[in-house]
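Below is one structure, written out as structure tokens; comments come after it.
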Amino acid sequence: MLDIKYVIDHLDEVIENLSHRNGDYNYLRELPKLQQERVELIQKRDALKNARNSLSKKIGQLMAQGQKDEAEAIKKQVSDSKEEIARDDARVEEIDQIIKETLLKTPNLTDASLPIGTDDTFNRVEKVVGEPTKFDFQPRSHWDIGVQKGYFDFDRAVKVAGPRFVFYKGPFARLERAVASFMLDTHIAHGYTEVLPPYLVNTETMTGTGQLPKFADQAYHVDNQTEGNYWLIPTAEVPVTNLYRGEILDGADLPIRYTAYSSCYRAEAGAAGRDTRGIIRMHQFQKVELVTFTKPEDSFKELEHLTEEAERILELLKLPYRRVCLSTGDVGFNAAKCYDLEVWMPSYENYKEISSCSNDTDFQARRMSIRFKRTKDSKAELVHTLNGSGLAVGRTVAAIIENYQQADGTIRVPDVLVPYMGGMTVIE
RNA sequence: GGAGAAGUACCCAAGUGGUUGAAGGGACCGGUUUCGAAAACCGGAAGUAGGUGCAAGCCUAGCAGGGGUUCAAAUCCCCUCUUCUCCGCCA
């Protein structure tokens, strides 16, 4: 959520910035009028309330002195303002609601360092690590390999759940678990604290990180008849970032760095026909997430730190990848700046997104009211929040299967994963 | 799921209709004492949001959340949430 005062004071600049994301944000021009009406009403109403409060106090005193008649006379006077106060209260509340709804559906401002453009073709490749894997045989896709070996079962997943679900079996199930453990262990060795969050969260939480109200169609809603009204998390970012919703942190504790493994649930509405083969785009997938809370002046530096932490996984797994800075038209709703990490995927003969690392500046923090104090006596300021995949586990497994496949149909286990596979060096 | 109890500021806690935004502790800050510390004693400040002002300050809201009664609500009424205890069920 943007700051109402900032939006009003920099209206043209804000609309100009947002226009680089695509879409029309001229509705923000309604805000100054609303805000003005709001302030005028508040001033008028507060004056009425002030008069009422002091008269009421006087009534108390008169009653205590036994001057009943005079008290009665004042009572009448106070009653008269009641209706007007109630009317003003209602209108202020109404305006607050409109302002809030307007701001909640408005995305974050993008940082000046982003390439300006309408879509992903304007994204800027910032670095390329390793080279596309070369094979002296015809490489196969991870789904061909998995289905043929019986380690991926898509057909029965359709029966049991539906399309875009999968059963992992045998060594592939173990590989998924190994990859997740390896990622977590790596991150905690670099100062991230492991968190195991709830997979179901409430509506306030989903609103705090920006999934609601605008993207309800992307989330699964779980509504039990007798108890509970929950949303399945689309990423661990949601519960973990909401950890400190409504709190004031000690500035000395920042940055706070968390890593969390979770399953993630996404409706993938509007993705029909995209990535339909394999395990690239599932309704449920596993991900290891990185979440950081920082002071405002540190967040862009922290974005580099967090992205490098995610890259570390790819480097240790010796997977070819590149880092891309998303353009203004491709960057997510919450983010001021976002790097995608893309892994080389032989079946696509291209790089495929495997991590998305964002600096959300104070956008989520303002929605959630997460603040910090530099010292005990200083004013509370909004923190900056960041998050990134470190990494998507399923896509990492797919990348390993494809990049580490061998001519005889077996798959070599990356060295760093061997201990996690119980010493197994090759998946037969 | 059933039955009870409770939710007041950083923590404990008094307060059942009228100068109570809130007694009293603790923690915190300053001081006395001490080589220094602890303890004790003295003193002090106190959070949040909105409005206004250069500022000091002033006004409004706020005692789990939301409604209601009243001239006036932490205090009375209704609903919701959460926590605790006992029973039941459960990985």
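Remember, it's a predicted structure, so these values are computed and weren't measured experimentally. Naming: A, B, ... by sequence-line order, numbering from 1 per chain.
Atom P of nucleotide B:U52 and atom NZ of A:K49 are separated by 16 Å, given to the nearest angstrom. Remark: P of B:U60 and CG of A:D96 are 19 Å apart, rounded to the nearest angstrom. We find that CG of A:N50 is positioned 16 Å from P of B:U52, with the value rounded to whole Å. One can place NZ of A:K44 at 16 Å from C1' of B:C59, the figure rounded to the nearest angstrom. Here B:U60 presents its C1' atom at 20 Å from CZ of A:R91, a figure rounded to the nearest Å. Taking atom CG of residue A:D89 and atom C1' of nucleotide B:G62, one finds them 14 Å apart after rounding to whole Å. Look at CD on A:Q35: it is 10 Å from P on B:G50, rounded to the nearest Å. The separation between A:D46 atom CG and B:A49 atom P is 16 Å, rounded to whole Å.
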Which atom pairs link the protein and nucleotides 69-73 of chain B when you take only N or O atoms and keep those under 3.5 Å?
residue: B:C71; atom: O2'; partner: A:S56; partner atom: OG; Å: 3.0
residue: B:A72; atom: O4'; partner: A:S56; partner atom: OG; Å: 3.3

For residues 391-402 of chain A, run the donor-acceptor check on the side chains, cut-off 3.5 Å, and write out each pair with its distance to 0.1 Å, sequence neighbours left out.
residue: A:R395; atom: NE; partner: A:I280; partner atom: O; Å: 2.9
residue: A:R395; atom: NH1; partner: A:E353; partner atom: O; Å: 2.7
residue: A:R395; atom: NH2; partner: A:I280; partner atom: O; Å: 3.0
residue: A:T396; atom: OG1; partner: A:A392; partner atom: O; Å: 2.6
residue: A:E402; atom: OE1; partner: A:S347; partner atom: N; Å: 2.8
residue: A:E402; atom: OE1; partner: A:S347; partner atom: OG; Å: 2.9
residue: A:E402; atom: OE2; partner: A:H142; partner atom: N; Å: 2.8
residue: A:E402; atom: OE2; partner: A:H142; partner atom: ND1; Å: 2.7
residue: A:E402; atom: OE2; partner: A:S347; partner atom: OG; Å: 2.8

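Under a 4.0 Å N-O distance rule, the pair A:D298/A:K301 qualifies as a salt bridge.
The side chain to side chain contact (heavy atoms under 4.5 Å, CB included) test applied to A:K100 returns A:L104, not counting sequence neighbours. With sequence neighbours left out, the ring pair (Phe, Tyr, Trp, His ring centres under 6.0 Å) criterion links A:Y199 to no other residue. Partners of A:Y6 according to the ring pair (Phe, Tyr, Trp, His ring centres under 6.0 Å) rule, which considers only residues two or more places apart in sequence or in another chain, are A:H10. For A:F333, the ring pair (Phe, Tyr, Trp, His ring centres under 6.0 Å) test picks out A:F215, A:F363, with sequence neighbours left out.
Remark: A:R371 is in phosphate contact with B:A49, judged by side-chain N or O atoms under 4.0 Å from OP1 or OP2. Phosphate contact (OP1/OP2 of B:U52, side-chain N/O of A:Q43, threshold under 4.0 Å): present.
Annotation: side-chain hydrogen bond (donor to acceptor under 3.5 Å, both in side chains) contacts involving residues 384-394 of chain A, sequence neighbours excluded, comprise A:E237-A:N387, A:S299-A:H384, A:D360-A:N387, A:Q364-A:T385. Listed by first and then second residue, the ring-ring contact (aromatic ring centres under 6.0 Å, His included) pairs involving residues 247-278 of chain A amount to none (not counting sequence neighbours).
A cation-pi arrangement is present between A:K105 and A:Y27, with the terminal nitrogen or guanidinium carbon under 6.0 Å from the aromatic centre and inside a 45° cone about the axis.
Remark: the separation of the C1' atoms in B:C29 and B:U82 is 34 Å, to the nearest Å. Between B:C90 and B:G1, the distance separating the two C1' atoms is 12 Å to the nearest Å. When the P atom is used for both B:G7 and B:U60, the distance is 28 Å, rounded to whole Å. Across B:G44 and B:U52, the matching P atoms stand 34 Å from one another, rounded to whole Å. As rounded to the nearest Å, B:C89 and B:C79 have C1' atoms that lie 28 Å from one another. Spacing of P atoms, B:C42 relative to B:G24, comes out at 14 Å, to the nearest Å. For the C1' atoms, the distance from B:C71 to B:C84 is 40 Å, rounded to whole Å. Between the P atoms of B:U8 and B:G66, the separation comes to 16 Å (whole Å).
Mapping A:R45 and A:R38 onto RNA chain B by nearest heavy atom places A:R38 at the nucleotide closer to the 5' end.
Formation of a donor-acceptor pair under 3.5 Å by the A:H283 side chain with backbone atoms of A:R266 is found in this model.
Looking at heavy-atom distances under 4.0 Å, A:K373 makes contact with sugar-phosphate atoms alone, never a base.
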Legend entry - Watson-Crick or G-U pairs under 3.5 Å in RNA chain B, rendered as dot-bracket with [ ] for crossing pairs and | for another strand: ((((((((.[[[..)..(.....]]].(((((.......)))))...(((((....)))))..[[[[[..)....]]]]])))))))....
